[in-house]
Each structure stands twice: as C-alpha cells, then as structure tokens.
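All figures in this text were calculated on a predicted structure; none of them were measured in a lab.
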Amino acid sequence: MPTLAAFAADPAQAVQPTEPQTVQPAESQAMQPVEPLIQAAQALLEDQASHYPQPVEIRVDAPRTAQAPACTDLSFDLIGSGQLQSRTTVRARCRAPVIWTLYLQAHLSMPATYFVANRRIRRGETLSLDDLDTREGDLLRHPSYMTDPSLIIDWIATRPIGPGAAIESGALRAPDSIERGQAVQTRISGPGFTVTSTGHAVESGNPGSTIRVRTPNGNIVMGTVIDGHWVHVPM
C-alpha cells in the first residue's frame with residue numbers, strides 16, 4: 001500500500017482536481033399565447049349567435065391551465081349539444097406539433113323583452129293584448145319565454161297561467177289547431193261522395209298534420225287537420 005511519502009515522491013500518483021462541468025440548459029420551448037385562443041373562441045360563439053333572433057352578449061375567460069406548447073394546427077368546437085347557453089364551454093384542440101386540449105369558459109346572455117300574464121288565465125282561454133304585460137330578462141336562461149306578440153294574441157292557453165307568470169311556448173296552441181281530447185268533425189270523402197261525422201282527437205295537431213281520431217263506435221282513424229274543428233279522413 002503506497003504511503004504518503006510515496007505520493008509525495010511521485011506527484012503523478014496524486015489525486016488531480018476535477019475540472020468543473022458546465023450543464024447546457026435545454027432550449028426553451030415556445031408557449032401558446034392565451035389571447036389568440038380567447039379571440040378564436042369569441043369568433044366561434046359570435047358566429048353561432050348570429051343565427052339567434054336577439055343580440056347575444058359574450059365574454060370568454062382565459063383557460064385555467066394555459067401552459068401549453070405553441071400550436072400550428074388549432075381547432076375549436078362547443079362542448080355539449082352545440083346550443084348556446086348562459087355558460088358555454090369551448091374546446092381548443094391542438095394537432096401539431098404537440099397534441100393538447102384546453103377548455104375556455106364563456107358567459108353569454110341574450111337580453112330581451114318577453115311577455116307575462118297580467119291576470120289569471122284559464123286553460124282554453126284565447127289571449128288578447130289586454131292580458132299581457134312585459135318584462136326584461138335573459139332568453140338564454142329562459143328560452144321558452146315568448147317575445148313575439150303575434151304568436152300569443154288570439155292563441156289558446158293549454159294550461160292555467162298565473163298573474164305575473166311568463167307566457168311560454170308550451171302553454172299555447174294555435175287558434176286553428178286541434179287539442180288532444182277535443183271533439184272534432186270528421187269529413188270522409190271519396191269519388192262522388194262526402195260523409196261527415198264526429199269524433200274525439202286522440203292527439204294534438206296543427207293544420208296539415210296527421211292525427212288519430214276516435215270515432216263514436218270506438219274505432220281509430222287517421223286524418224289530416226284542416227282547422228281547429230275539422231279533420232279530413234281519406235278513403
């Protein structure tokens with residue numbers, strides 16, 4: 001075993017100091033800017049909103065996790081049914097050079113004037129302008145609220161509507177439509193003859209639609225709604 005004296009006599013056997021090693025940092029990867037994502041999501045929502053009857057107000061939040069590599073191939077779509085809602089999620093998907101997905105939350109509203117009943121309306125009543133008041137609200141939260149008076153006035157209530165309650169599309173039927181259970185007149189025609197009778201509608205229908213009618217003897221026939229009273233039954 002070499003002694004300290006041997007090391008001193010032969011400097012070549014002495015421990016040589018190690019040169020310090022410099023670690024080269026990896027090239028930093030460019031990150032995807034957030035603002036273009038927000039702008040693209042906003043453009044997608046504005047395009048969808050252009051098909052709605054009232055202007056839609058839109059605000060898009062930045063994604064919660066924005067640490068994604070820069071993307072050269074982006075696509076955007078809506079999560080869910082594709083219908084605009086007060087809270088709508090937009091999905092941003094990158095296909096190159098790195099595959100990733102981010103979600104952006106959007107807040108939307110469609111302010112509009114809608115109609116409410118100013119008195120208690122009974123089922124089967126025909127509505128007039130005197131029965132209505134107006135309110136302001138968000139139609140994205142309440143899409144069934146009626147805003148067109150031409151689809152309310154002279155229409156018939158299919159259920160009771162309380163004072164102050166919004167007039168909803170499902171609560172009315174057209175004046176020339178037929179309601180389920182309603183007594184109707186049937187008209188059966190053929191070459192050179194026409195026979196009229198009575199019956200009860202098994203289902204509701206608007207003019208031009210086909211409904212089932214129960215005849216006085218209990219048979220079920222199919223017919224086309226002519227108006228609020230008549231059903232044509234072909235031979």
Side-chain angles (χ1 to χ4, degrees), residues 28-118 121 127 131-153 155 157-174 177 204-206 209:
S28 60
Q29 188 174 31
M31 305 307 292
Q32 173 64 44
V34 172
E35 190 59 30
L37 301 180
I38 296 175
Q39 293 173 353
Q42 181 89 16
L44 174 64
L45 293 168
E46 288 176 354
D47 179 68
Q48 294 288 322
S50 66
H51 305 292
Y52 281 65
Q54 305 286 343
V56 178
E57 299 176 355
I58 302 170
R59 176 174 60 84
V60 180
D61 294 339
R64 293 182 178 178
T65 303
Q67 296 300 312
C71 185
T72 58
D73 187 1
L74 271 170
S75 65
F76 295 81
D77 62 347
L78 301 183
I79 297 297
S81 65
Q83 298 293 321
L84 297 184
Q85 301 175 358
S86 57
R87 289 178 64 86
T88 299
T89 301
V90 178
R91 176 170 51 195
R93 290 190 286 190
C94 179
R95 291 186 289 266
V98 179
I99 296 176
W100 51 256
T101 301
L102 291 177
Y103 298 92
L104 297 92
Q105 189 70 50
H107 307 270
L108 296 87
S109 63
M110 187 163 63
T113 301
Y114 64 92
F115 290 91
V116 300
N118 60 19
I121 298 172
L127 278 71
D131 299 323
L132 307 175
D133 284 335
T134 59
R135 297 285 188 275
E136 301 295 322
D138 180 5
L139 293 189
L140 288 183
R141 292 183 178 273
H142 307 287
S144 63
Y145 286 7
M146 302 290 292
T147 61
D148 186 349
S150 68
L151 298 178
I152 301 176
I153 297 171
W155 283 52
T158 59
R159 61 173 185 254
I161 304 173
I167 307 297
E168 301 186 58
S169 55
L172 303 176
R173 65 180 178 89
S177 66
S204 302
N206 293 317
S209 63

Side chains of [X] and [Y] in contact at under 4.5 Å (non-hydrogen atoms):
X: Ile152; Y: Asp148; result: no
X: His107; Y: Ser86; result: no
X: Thr101; Y: Cys94; result: no
X: Leu74; Y: Leu37; result: yes

Working to the nearest 0.5 Å, report the span between [atom1] of [X] and [atom2] of [Y].
X: Thr88; Y: Ile79; atom1: OG1; atom2: CD1; result: 11.0 Å
X: Arg159; Y: Ile121; atom1: CZ; atom2: CD1; result: 11.5 Å
X: Leu84; Y: Leu78; atom1: CG; atom2: CG; result: 6.5 Å

Q: Could you list the residues that satisfy ring pair (Phe, Tyr, Trp, His ring centres under 6.0 Å) with Tyr145, not counting sequence neighbours?
A: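 For Tyr145, the residues satisfying ring pair (Phe, Tyr, Trp, His ring centres under 6.0 Å) (neighbours in sequence not counted) are Tyr114, His142.
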(Q) Before you tell me yes or no, could you show the steps for Leu104 and Thr89 under side-chain contact (heavy atoms from CB on, under 4.5 Å), namely the whole-Å CA-CA distance, both residues' side-chain angles and the distance that decides it to 0.1 Å? (A) CA-CA 6 Å; Leu104 297 92; Thr89 301; over 6 Å; no
Would the distance check show the side chain of [X] and the main-chain N or O of [Y] forming a donor-acceptor pair, the cut-off being under 3.5 Å?
X: Trp155; Y: Leu127; answer: no
X: Ser169; Y: Met146; answer: no
X: Asp133; Y: Asn118; answer: no

Q. With Glu136, which residues qualify under side-chain hydrogen bond (donor to acceptor under 3.5 Å, both in side chains), at least two apart?
A.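 With sequence neighbours excluded, Glu136 shows a side-chain hydrogen bond (donor to acceptor under 3.5 Å, both in side chains) to Thr113, given in chain and number order.
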(Q) The criterion is side-chain hydrogen bond (donor to acceptor under 3.5 Å, both in side chains); which residues satisfy it with Glu57, sequence neighbours excluded? (A)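 Once residues adjacent in sequence are excluded, the partners of Glu57 under the side-chain hydrogen bond (donor to acceptor under 3.5 Å, both in side chains) criterion are Ser109.
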Where [X] and [Y] come nearest, the two heavy atoms and their spacing:
X: Ala96; Y: Cys71; value: O-SG, 3.2 Å
X: Pro55; Y: Pro111; value: O-CD, 4.0 Å
X: Glu168; Y: Ser144; value: OE1-OG, 2.6 Å
X: Phe115; Y: Thr147; value: CE1-O, 3.4 Å
X: Ala41; Y: Val90; value: CB-CG1, 3.9 Å
X: Pro69; Y: Trp100; value: O-NE1, 3.0 Å

Q: Count the heavy atoms belonging to other residues, nucleotides or ligands that lie under 6.0 Å from CZ of Arg141, then report whether that count exceeds 12.
A: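 Counting other residues, nucleotides and ligands, CZ of Arg141 stays at 12 neighbours or fewer.
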Q.
For the CD1 atom on Ile99, are there more than 12 heavy atoms of other groups (residues, nucleotides or ligands in this structure) within a distance under 6.0 Å?
A.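 At most 12 heavy atoms, drawn from other residues, nucleotides or ligands, come within 6.0 Å of this atom.
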Q: List the steps, then state whether side-chain contact (heavy atoms from CB on, under 4.5 Å) holds for Leu139 with Tyr52.
A: CA-CA 10 Å; Leu139 293 189; Tyr52 281 65; over 6 Å; no
(Q) Could you go through Ile167 and Val116, starting from their C-alpha distance and side-chain angles, then the distance that decides it, and tell me whether this counts as side-chain contact (heavy atoms from CB on, under 4.5 Å)? (A) CA-CA 5 Å; Ile167 307 297; Val116 300; 5.6 Å; no
Q: Would you list the pairs meeting salt bridge (charged side-chain N to carboxylate O under 4.0 Å, His left out) in which at least one residue belongs to residues 71-81, sequence neighbours left out?
A: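 Pairs touching residues 71-81 that pass the test: Asp73-Arg95, Asp77-Arg91, Asp77-Arg93.
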Q: Given side-chain contact (heavy atoms from CB on, under 4.5 Å), test Asp138 with Leu108 step by step and report yes or no.
A: CA-CA 9 Å; Asp138 180 5; Leu108 296 87; over 6 Å; no
Q | Residues forming a salt bridge (charged side-chain N to carboxylate O under 4.0 Å, His left out) with Arg135, sequence neighbours excluded | A |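 Listed in chain order: nothing, the list is empty.
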Only pairs under 3.5 Å count here: list side-chain donor-acceptor contacts from residues 43-51, not counting sequence neighbours, and write none if there are none.
from  : atom 1 : to    : atom 2 : distance (Å)
Glu46 : OE2    : Gln42 : NE2    : 3.2
Ser50 : OG     : Asp47 : O      : 2.6

